[in-house]
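Residue numbers start from 1 in every chain, and the chains themselves are labelled A, B, ... in the order their sequence lines are given, proteins ahead of strands. The model shown is predicted, which means the values in this text are computed figures rather than measured ones.
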Amino acid sequence: MRIGYPCLNRTLDCRNNHSFKLASYTEERLVETVAANLKCLEAILKFNVENSLLFFRISSDLIPFASHPVCRFDWANYFTGDLSRIGSLIKRNGIRISMHPDQFILLNSPDDRIVERSVLELEYHAEILDRMKLDGTAKIQIHVGGVYGEREQALKRFVQRYEKLSSRLKKRLVVENDDRLYPLADCMDLHFQAGVPVLFDMFHHCILNFGEPAREALELAVTTWSEQDGPPMVDYSSQFAGERKGRHAESLDNDDFAHFLETAQGIDCDVMLEIKDKERSALRAVEIYQRESSRQKKKAKS
DNA sequence: AATGGTCAAGTCAGC
DNA sequence: GCTGACTTGACCATT
């Protein structure tokens, strides 16, 4: 099991998601920003390797405005050397990579223009991973989308739009259960209809479900991943105590995470910690995981 | 140097 | 109908 965290590292004093306002867009500004972002991404990945954090979500802001009409710059070619070098670092160290486009990305919107823009944004994500020369185990995760007062139609539209995607996107796209509109059962339907793997979000599942016990739900989601997809990815978080339901915790709840590990025992998956203090909690999670697995080994011996 | 309004994009819930 | 939540901050004009 590889354990990781998303997008930001708070120990290193750099960021890989620098952006700027659209109004101040210039090619120079873009190049300078992306160069800084890539440099930081490389530093974060090196930090992660040294700390046994072998799963990382790359920020969608790596290349600001990449899919926006304002951007006419051929960033993919310009930065191909850097992207390929970072890709080598990733492969050499067996790091798992995911990306998670924002909530604006909707394959199932009734508005074709929104779908069109969404596909452009997804293609941008795929371009990054392709330029890093990563295989199909590097994933792009999205939610199903809106309901629009017509669930069945909205689900059907997802399938239709998914089927029309380029093969390089289909190779990478996975769908994640959310905590408001589409629970695991809907994602499973999409899998049976379109073949899309289901990324299981344990925390969302606890909030929105049809009463499936966690272990059972996890086992279901895991079956949707094939050999080429790599080990199933799982998102983990816990509740920010006293805050709105669904808000991510600020720091890892050790006991809850140990309980999660018990639930996931024997299942080969990679776990993304969606916890606010990022690598600090992830480091603790790795410790807990190593402790738990050595305890289990001892148990198996005796 | 510190402050606070504003930021590319969509949808839904709650007032 | 409008605002805030979602990932939550950081940019940047103004003082």
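As the counterpart of C/dA5, B/dT11 is assigned, both hydrogen-bonding distances of the Watson-Crick or G-U wobble pattern falling under 3.5 Å.
By the 5.5 angstrom centroid cut-off and the 30-degree plane limit, A/Phe104 is classified as not stacked against the base of B/dG10.
Between A/Ser24 and C/dC12 there is a side-chain polar atom (N or O) within less than 4.0 angstrom of OP1 or OP2. Considering only side-chain N and O atoms, A/Arg180 lies nowhere under 4.0 angstrom from the phosphate OP1 or OP2 of B/dA13. Considering only side-chain N and O atoms, A/His18 lies nowhere under 4.0 angstrom from the phosphate OP1 or OP2 of C/dA10. Note on A/Arg10: every side-chain N or O is 4.0 Å or more away from OP1 and OP2 of C/dT8.
A donor N or O paired with an acceptor N or O is found under 3.5 Å between the base of C/dT7 and the side-chain atoms of A/Gln103. Between the side chain of A/Lys21 and the base of B/dC7 there is no donor-acceptor pair of N/O atoms closer than 3.5 Å.
The cationic group of A/Arg284 does not satisfy the cation-pi geometry with A/Phe257, failing either the under 6.0 Å distance to the six-membered ring centre or the 45° limit from the ring axis.
For the residue pair A/Asp189 and A/Tyr182, no side-chain donor N or O sits within less than 3.5 Å of a side-chain acceptor on the partner.
Note on A/Ser118: nothing from the nucleic acid sits closer than 4.0 angstrom, heavy atoms only.
Closest to the A/His68 side chain, of the nucleotides B/dA8, C/dT8, B/dA13, is B/dA8. Here the side chain of A/Ile114 is nearest to one of B/dA9, B/dC12, B/dT11, namely B/dT11.
Annotation: A/Tyr5 is in aromatic contact with A/Phe56 [ring centroid separation under 6.0 Å].
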